[in-house]
Q: 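To start, I am sharing the structure in question, which I have written as structure tokens.
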Amino acid sequence: MLNKFVKIFLSVVCSFVVSLSIVQAANASYAVIDADTGRLLMGNNVHDRMPIASLTKIWTALIAIENNDLDEEIVISRQAALAEGSSIYLEPGEKVTVETLLYGLMLRSGNDAAYALAEHTGNSIEGFADLMNEKAYLYGLNDTYFTNPSGLHNDLHLSSAYDTAQMLRIALQNDAFKKISSTINYKSSTKNGVTWQNKHRLLREQVGAVAGKTGFTKVAGRTLATYFEQGQKKVIVVTLNEANDWEVHRDLANKVFTEYDLVTIAEKGEYKAANNKKVVLSKPITLLLTKDEEKELQNVLHLSRKQNEFGIWHVMLNNESIYSTRVDIKID
């Protein structure tokens, strides 16, 4: 309905613009984002480029899922079977499905699984790293560069808490990734036939943790990514080089769930814009906000002088866009 209340301000600049107690993680970088929108809610040194260890495998898994059928079989190479570091004990010549390797990758952090998936998907470790970097560039992960699929230390293999949180948010939009990364126990179909338990302890503790990934190297220290849900509130927490990561993740998630409300900024429907124009919002705009932030919001709609088909609706806070979505334009 047109009489829905949304504060709209009009200005013109080359286009029509209608203004529509946690302890800080010591010696660590951390980021907490809204899992729906990607908005940064809390953080410390969020863009510091640091080694992320096996959090790398979030991106490895997504690339492998997007480029293979889950039931494809991979013949394990000697190089993959002998990969340095954590292992699911694959044997050279063994045939394993992509799906099983993904469970071994995400639940047990198998470097052998990472290398097998990389060789199959990218034809080489270098080729797979190129795929990882291309996708990181596509999503604007400017703090991130990969040299391998496992996260073993390389001076050039770096990311940030912010980028890593965004990686998990992007990956969780894939149903197969979300299912695998949220699984607690999985009976493997490898030759050893063991049942793998997810290394991410919080998933087993009934604290709202739904999915995530653990990591560790001597250089990176402990790294951890966790996706939490409480009702309709959804957040992602990433810590890098934080020894007390389990507790920090619980506290950061609880802090957001306590201090932030899920607020509907605008309902789905039509809104009068300028002159004879209306805009159509196809779904409600709902954001995690503190009470103080809610008071300072402005809705800003950008309508191009030359474009009468669509506009961009921005939600502004402190003169920065914290959310944007396309809206269709109707002319009376």
Side-chain angles (χ1 to χ4, degrees), residues 1-11 17-26 28-47 161-162 164-166 168-169 172 202 206-212 225-239 242 247-273 279 281-302 311-327:
M1 294 178 63
L2 296 180
N3 61 355
K4 293 174 182 173
F5 180 71
V6 174
K7 295 179 181 177
I8 298 180
F9 302 90
L10 179 63
S11 62
V17 181
V18 183
S19 280
L20 295 183
S21 169
I22 174 146
V23 178
Q24 181 170 309
S29 170
Y30 75 90
V32 185
I33 66 169
D34 182 332
D36 283 329
T37 68
R39 178 193 170 208
L40 180 68
L41 304 177
M42 300 176 184
N44 179 57
N45 301 322
V46 297
H47 290 292
Y162 177 82
T164 305
Q166 297 297 342
L168 182 53
R169 182 180 72 87
L172 285 167
L202 297 183
Q206 304 297 312
V207 293
V210 176
T226 313
Y227 166 58
F228 291 90
E229 290 182 354
Q230 185 185 86
Q232 296 301 308
K233 298 179 183 179
K234 303 172 184 178
V235 299
I236 289 170
V237 180
V238 169
T239 52
E242 171 52 63
E247 192 66 32
V248 168
H249 277 234
R250 280 193 295 262
D251 288 349
L252 284 168
N254 288 335
K255 184 175 177 65
V256 170
F257 293 147
T258 299
E259 296 183 1
Y260 285 75
D261 294 319
L262 196 61
V263 180
T264 299
I265 309 302
E267 298 284 358
K268 172 183 175 180
E270 295 182 356
Y271 293 87
K272 184 172 178 58
V279 296
L281 190 61
S282 61
K283 62 180 182 179
I285 299 176
T286 306
L287 302 175
L288 285 173
L289 298 166
T290 65
K291 295 190 183 303
D292 287 341
E293 288 174 340
E294 188 177 354
K295 296 174 185 177
E296 301 299 323
L297 290 183
Q298 290 185 335
N299 291 280
V300 178
L301 180 68
H302 288 258
I312 305 296
W313 185 313
H314 292 273
V315 179
M316 307 292 292
L317 179 65
N318 298 325
N319 296 317
E320 292 185 4
S321 176
I322 61 171
Y323 177 85
S324 63
T325 188
R326 172 175 164 154
V327 289

Q: What heavy-atom pair brings Val237 and Ala253 nearest, and what distance separates the two atoms?
A: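 So the two residues come closest at CG2-N, 4.4 Å.
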
Q: How close do Lys233 and Leu262 get, counting heavy atoms only, and between which atoms?
A: CE-N, 4.1 Å

Q: When you measure from the side chain of Thr226 to the backbone of Gly212, do you find a donor-acceptor pair of N or O atoms at a distance under 3.5 Å?
A: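 Checked: no pair found.
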
Q: Nearest 0.5 Å, what's the OG-CE distance between Ser324 and Met316?
A: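 So the OG of Ser324 and the CE of Met316 are separated by 10.0 Å.
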
Q: May I ask you to decide if the ring planes of His47 and Tyr162 are parallel, tilted or perpendicular, using 30° and 60° as cut-offs?
A: tilted

Q: Flag the pair Glu296 / Leu289 as yes when at least one side-chain heavy-atom distance between them is below 4.5 Å, and no otherwise.
A: no

Q: Under 3.5 Å, is there a donor-acceptor pair between the side chain of Glu259 and the main chain of Thr290?
A: no

Q: Rounded to the nearest 0.5 Å, what separation is found between the CG atom of Leu288 and the NZ atom of Lys234?
A: 10.5 Å

Q: Roughly how far, to the nearest 0.5 Å, is the CD atom of Glu293 from the CG atom of Leu317?
A: 5.5 Å

Q: Would you give the length of the straight line joining atom OH of Tyr260 to atom CE of Met42, rounded to the nearest 0.5 angstrom?
A: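 Spacing of OH (Tyr260) from CE (Met42) equals 5.0 Å.
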
Q: Could you grab the distance from atom CG of Leu281 to atom CD1 of Ile265, nearest 0.5 Å is fine?
A: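 One gets 11.5 Å once the value is rounded to the nearest 0.5 Å.
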
Q: For residues Tyr30 and Thr239, report the shortest heavy-atom separation together with the two atoms involved.
A: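 Shortest heavy-atom contact: CB-CG2, 3.7 Å.
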
Q: Does some side-chain heavy atom of Val235 sit less than 4.5 Å from a side-chain heavy atom of Leu252?
A: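 A side-chain contact is absent here, since even the closest heavy-atom pair is not under 4.5 Å.
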
Q: To check you understand the geometry: which heavy-atom pair defines the closest contact between Arg169 and Asp36, and what is its length?
A: NH1-O, 3.8 Å

Q: Determine the minimum heavy-atom distance between Ile285 and Val315, stating which atoms define it.
A: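 For Ile285 versus Val315, the nearest heavy atoms are CG2-CG2, 4.0 Å.
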
Q: What are the two closest heavy atoms between Leu287 and Thr37, and how far apart are they?
A: CD2-CG2, 3.6 Å

Q: Check whether any side-chain heavy atom of Leu202 lies under 4.5 Å from a side-chain heavy atom of Phe228, and answer yes or no.
A: yes

Q: Arg326 versus Ile312: any side-chain heavy-atom pair under 4.5 Å?
A: yes

Q: Could you go through the salt bridge (Lys or Arg N to Asp or Glu O under 4.0 Å) check for Arg250 and Glu247 one step at a time?
A: CA-CA 5 Å; Arg250 280 193 295 262; Glu247 192 66 32; 2.6 Å; yes

Q: Is there a donor-acceptor pair closer than 3.5 Å between any side-chain N or O of Thr264 and the backbone N or O of Ala266?
A: no

Q: As an exercise, state the distance from CG of Asp292 to CG of Leu297, rounded to the nearest 0.5 Å.
A: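 Those atoms lie 11.0 Å apart.
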
